[in-house]
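Structure first, commentary second.
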2 protein chains.
Amino acid sequence: MPRNAFYAQSGGVTAVINASAAGVIETARKHRKHIGKVYAGRNGILGALTEDLIDTSKEPAASIRALVHTPGGAFGSARYKLKGVEKGGHEYERLVEVFKAHDIGYFFYNGGNDSADTCLKVSQISATLGYPITAVHVPKTVDNDLPITDTCPGFGSVAKYVATSMREAGLDVESMAKTSTKVFILEVMGRHAGWITAATGLAQSRPAEAPHILLFPEIAWNEEAFLARVQEAVRQYGYCAIGASEGLQDKDGKFLSESGLKDAFGHAQLGGVAPMLANLVQSKLKLKQHWAVADYLQRAARHIASKTDLEQSYAVGKAAVELAVKGMNSVMPTIVRTSSKPYRWKIGVAKLADVANVEKKMPRDFITADGLHITPKCRAYLAPLIAGEAYPPFENGLPNYVRLKNAAVKKKTGEYKP
Amino acid sequence: MPRNAFYAQSGGVTAVINASAAGVIETARKHRKHIGKVYAGRNGILGALTEDLIDTSKEPAASIRALVHTPGGAFGSARYKLKGVEKGGHEYERLVEVFKAHDIGYFFYNGGNDSADTCLKVSQISATLGYPITAVHVPKTVDNDLPITDTCPGFGSVAKYVATSMREAGLDVESMAKTSTKVFILEVMGRHAGWITAATGLAQSRPAEAPHILLFPEIAWNEEAFLARVQEAVRQYGYCAIGASEGLQDKDGKFLSESGLKDAFGHAQLGGVAPMLANLVQSKLKLKQHWAVADYLQRAARHIASKTDLEQSYAVGKAAVELAVKGMNSVMPTIVRTSSKPYRWKIGVAKLADVANVEKKMPRDFITADGLHITPKCRAYLAPLIAGEAYPPFENGLPNYVRLKNAAVKKKTGEYKP
C-alpha cells in the first residue's frame with residue numbers, strides 16, 4: 001500500500017528551492033505504487049507540528065511545473081529548530097502523532113546544515129519512537145557550506161547574481177571615477193563561509209576590472225592592509241570595487257557588523273558591513289564612496305538564476321524521492337562533479353550523519369596568499385556553477401511567478417501550540 | 001564639406017546610455033555628407049576641455065553595435081558643470097579652441113537636467129563666441145525628471161529592475177515571515193523625484209503583495225503614519241515590504257539620511273535611509289527586519305533592461321543626429337506617447353530653453369491620498385515603460401559586455417588644466 005509523503009522547506013529560501021519542490025512532487029506523482037499524496041508543511045516544519053498541511057495533489061501539473069521558475073518558498077519556510085525530547089519538549093512525538101494521523105511514511109526536508117540535523121533525527125524515529133518512516137534530506141543553501149556535495153542548490157544562482165551585479169556596477173563606477181565615486185562596496189551574504197564573496201570575484205576577467213578586493217569571513221579583518229590595497233587600486237585603475245561578506249570578522253572572531261540581535265538558532269543577525277567600510281574609506285582616505293547591500297535581492301533573483309543550479313536543484317528533489325522509494329533512509333542526494341572541463345556532474349548519495357551540522361568553509365588555497373582575492377583554482381571550481389541562463393516567463397514587463405492554491409488538509413488531531 | 005561631431009556622456013550613467021551612443025555613432029556613419037568623424041569625450045566634457053578625444057571611427061561596426069547591450073559609460077562620463085565666462089572662467093572659449101582645432105561642427109551631449117543647460121549654452125556659441133556649431137541634447141536620466149519628454153531614457157530599465165527585485169524579495173520575505181523577517185525595506189534612487197520609488201510599486205498586483213508601502217521624496221516623512229501602516233500590513237498579510245526613496249525628507253525638506261541619526265550598529269548614516277527605517281521598525285515595533293540598498297546595481301543592471309527603454313535610448317541618439325544634420329540647433333529629441341493602450345510612441349522635439357534646469361516631479365495624483373502608494377493613473381503611465389526584455393549575450397555564465405579601444409585623437413592645442 002502506498003503511504004503519503006511530507007515535504008517541507010526549511011531556513012532561508014532561494015531563487016530555486018521551489019525547483020526542488022517541483023522535483024519532489026513531480027517525481028512522487030510518478031511513483032503512485034509507493035507514494036500516495038505529497039503533503040507540504042505550511043511554513044515548513046511548523047506545518048507538521050500544528051498539523052497545517054497543504055495538499056499538493058490539488059495543484060494542477062502546470063502549477064507544479066511553474067514552481068521551477070518561481071523564487072521564494074511556495075509553501076512557506078521556517079527558521080525553527082525542533083526541540084528534542086532531552087530538552088523537555090516533545091516535538092518529535094508530536095510529529096509522529098501528525099504523521100500517523102495522515103499515514104505519512106516519507107519525510108523530505110529541504111534545507112541546509114541545521115535542517116540536515118533535524119532530518120537526521122526524523123530518520124531515527126523508527127528506532128527511537130517506533131514509527132516507521134523514511135527521511136531524506138534535500139540539500140539547499142545559498143551559503144554553499146554543506147559537506148560532501150560538490151555544491152549546494154541555491155548557491156549557483158546567487159553566485160551568478162552577485163558576479164553579474166559586480167560586473168555591471170564595476171562598469172558604472174569605472175566610467176564615473178574621474179570626477180565622482182572612486183570606491184564602491186557591494187555587501188553580500190555568507191555568514192561564516194566566503195563562497196558568495198568568492199563568486200563576486202568571477203566578475204573580474206583582468207586585474208583592472210571589478211572587483212579589485214574581496215573580504216572573506218575566513219580571513220581576519222586587517223584595516224591597514226585593506227586601506228593600502230584600496231589606495232593602490234585607485235592609483236592604478238582609477239577606482240576600486242570591493243566585494244565584502246556580511247560575516248567579516250576580526251581576528252577574535254567578532255563580526256564587524258554585530259547588531260546585538262540573534263535569530264532563532266542563536267546566530268547573530270548581520271547586515272551593514274558595507275556602510276561601515278564606506279565610512280572608513282571616506283574618513284581615512286578621503287575618497288568618494290558608494291555602497292550597496294544586496295540582501296534578499298541576491299537569493300531571490302530568479303530572473304538571473306543559473307541554469308546549472310536550476311537543473312541541480314530539480315535533480316536533488318527528484319533523486320530524494322527515488323532514494324526514498326528504494327527504501328534508503330537517513331541520506332541526502334549530493335552533486336558529484338565528474339569532470340571540470342567540460343563540466344559534468346551526476347547525483348550521488350551521502351549519509352545524513354556525515355552531513356548534519358558540518359560546515360564547509362572555503363579551502364585556504366581558494367583564496368590568494370594576501371587574503372584579498374580568489375585563486376585560479378577557486379575560479380575553476382566556481383565558473384561552471386553559474387553557467388547557463390534560465391529566464392522566467394515575463395508578463396507586462398515583470399516575471400510571472402506562480403502562486404499556488406495551497407489548500408489545507410483536514411485536521412485529524414487536537415490543537416497543538418509549538 | 002562634412003564637419004566632425006563631438007559626443008559626450010554626462011552625469012550618472014545608466015544601463016542603456018551606451019545604446020544612445022550607438023544611435024548617435026551609427027546614424028552619423030550614415031550621414032557622411034554632413035558628418036565626418038564622431039569624436040567622443042574621454043570622461044565626458046572633460047575630454048573636450050583637455051582635448052582628450054576618442055576617435056570612434058577606429059571602432060569596428062560590431063563594437064559600436066555591442067554598445068547596445070553594454071551598461072555604464074563606454075567613453076567615461078563626468079560630473080562636471082562648465083564655468084561660464086561670467087564666472088571668470090573661460091571654459092566655453094576653451095571648448096571653441098578645441099572644436100576649431102578638430103573642425104567640430106556638431107555637439108551631442110548625453111545627459112540630464114544640468115547637462116541640458118550646458119548643451120543650451122554650447123548651442124549659443126555661434127551667437128556668443130562666433131563659432132558655428134549645432135548642439136543637440138540627447139536625454140538620459142534614471143531620475144525621469146526631464147520635462148516635456150514622456151519619459152527619460154535610462155529610467156524604464158531601472159524601473160524594471162526595482163519592480164522585479166521587489167517582486168522577488170517580496171516572495172522571499174512572505175515565505176519566511178511566520179518565523180523570521182517581517183519587515184523588508186528596499187532603498188532606491190531618486191533624490192528629488194519619486195519616479196523610481198513609484199516603479200517599485202509595479203511589483204504589486206494585489207494588496208497582499210509587496211510592496212505594501214512606498215515612501216516618496218515628494219511626501220513629507222510622517223513617522224507615526226508609517227509605523228501604523230507597517231503594523232497594519234504585518235497584521236493583515238503577515239509581513240510588510242517597503243520601497244523607500246533615498247531622498248526621503250521631513251516637512252522642512254531635510255533629508256532623513258542626513259538627520260544625524262545612527263544606524264543599528266552605531267555608525268553615522270551614509271545616505272542610508274533603509275537602515276535608518278529598519279532601525280526604527282526594530283526599536284519601535286519590535287519586528288524583525290531586513291534591508292537592501294540597490295545603489296548602482298539598479299542603474300547598471302543591463303541584464304534586466306527594459307526593451308522599450310532600450311529602443312527609446314537608441315532612438316533619441318539616432319534622432320539627435322538627424323535633427324542636427326537638418327540644421328536644428330538647441331533642441332532635444334523627446335519621447336511622445338501617442339497611445340497608452342496599446343502603448344505607442346514616437347520621437348518629438350523640444351527646445352532646450354524649455355528643458356534646461358526644469359525638474360519634473362511626480363504629479364500629486366500619481367500618489368494615493370495617504371501618500372504611501374501609487375494610483376492606477378501612475379500605474380498606467382509606468383507600466384509600458386518596463387515592457388519587453390532585451391537580454392545581453394552571455395559567455396561562461398556572465399554578460400559579455402564590450403570594451404572599446406578608445407583610441408586617442410592626436411592633440412593639436414596646448415596643454416590646458418581645467
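Chain letters run A, B, ... following the sequence lines, proteins first, then strands; residues in each count from 1.
Counting heavy-atom pairs closer than 4.5 Å to chain A, the top-ranked of the candidates G72(B), G11(B), A292(B) is A292(B). Of the listed residues (L385(B), T308(B), L202(B), V13(B)), the greatest number of heavy-atom pairs within a distance under 4.5 Å of chain A belongs to V13(B). Ranked by non-hydrogen atom pairs under 4.5 Å with chain A, the options I304(B), L297(B), L398(B), I17(B) are led by L398(B). The residue among G76(A), A300(A), A383(A) with the most heavy atom pairs within less than 4.5 Å of chain B is A300(A). Counting heavy-atom pairs closer than 4.5 Å to chain A, the top-ranked of the candidates Y401(B), F75(B), F394(B), Y80(B) is F394(B). No other option in T164(B), D172(B), T70(B) has as many heavy-atom pairs under 4.5 Å with chain A as D172(B). Most heavy-atom pairs under 4.5 Å with chain A, from the set E389(B), Q9(B), R302(B): that is E389(B).
Take S77(B) and apply the side chain to side chain donor-acceptor pair (under 3.5 Å) test, not counting sequence neighbours, and it matches no residue. Every residue meeting the ring-ring contact (aromatic ring centres under 6.0 Å, His included) condition with Y237(B), not counting sequence neighbours, appears here in chain and number order: H212(B). Not counting sequence neighbours, the partners of Y296(A) by the ring-ring contact (aromatic ring centres under 6.0 Å, His included) test are F184(B), H290(B).
Judged purely by atom type and a 3.5 angstrom limit, K140(B) uses its side chain to pair as donor or acceptor with the backbone of G12(B).
Annotation: K288(A), atom NZ; neighbour count of heavy atoms from other residues, nucleotides and ligands within 6.0 Å is above 12.
For chain A, the nearby part of R403(B) is the side chain; its heavy atoms alone come within less than 4.5 Å. Neither the backbone nor the side chain of T14(A) comes within contact range of chain B; no heavy atom of the residue lies under 4.5 Å from a heavy atom of that chain. Neither the backbone nor the side chain of Y343(A) comes within less than 4.5 Å of any heavy atom in chain B. Only the backbone of N396(A) comes within contact range of chain B, judged by heavy atoms closer than 4.5 Å. Within the 4.5 angstrom heavy-atom criterion, only side-chain atoms of L46(B), from C-beta onward, approach chain A. For L186(A), the part lying under 4.5 angstrom from a heavy atom of chain B is the side chain only. Contacts between R167(B) and chain A at a heavy-atom distance below 4.5 Å involve the side chain alone, from C-beta outward. Contacts of A203(A) with chain B are made by backbone atoms alone, with heavy-atom separations under 4.5 Å and no side-chain atom involved.
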**OP:** Evaluate the side chain to side chain contact (heavy atoms under 4.5 Å, CB included) criterion for residues D295(B) and W291(A): first the C-alpha distance (whole Å), next the side-chain angles of each, then the deciding distance (0.1 Å), finally the verdict.
**Re:** CA-CA 7 Å; D295(B) 195 58; W291(A) 52 272; 5.7 Å; no
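Summarising the geometry, atom NZ belonging to K307(A) is positioned 12.5 Å from atom OG belonging to S157(A); distances are rounded to the nearest 0.5 Å. Atom OG1 of residue T141(B) and atom CZ of residue R299(B) lie 9.5 Å apart, to the nearest 0.5 angstrom. Between E187(A) atom CD and E246(A) atom CD the span is 6.5 Å, to the nearest 0.5 Å. The CG atom of N279(B) lies 7.5 Å from the CD atom of Q289(B); values are rounded to the nearest 0.5 Å. Remark: M189(A) CE to Q298(A) CD distance equals 5.0 Å, nearest 0.5 Å.
Between H303(A) and Y161(B), the ring planes lie perpendicular to each other; the angle is over 60°, past the 30° to 60° tilted range.
Below 4.5 Å, heavy atoms of chain B meet heavy atoms from V173(A), E174(A), S175(A), M176(A), K178(A), T179(A), S180(A), T181(A), all part of residues 173-182 of chain A.
For D309(B) and K160(B), the salt-bridge test fails: no basic side-chain N is under 4.0 Å from an acidic carboxylate O.
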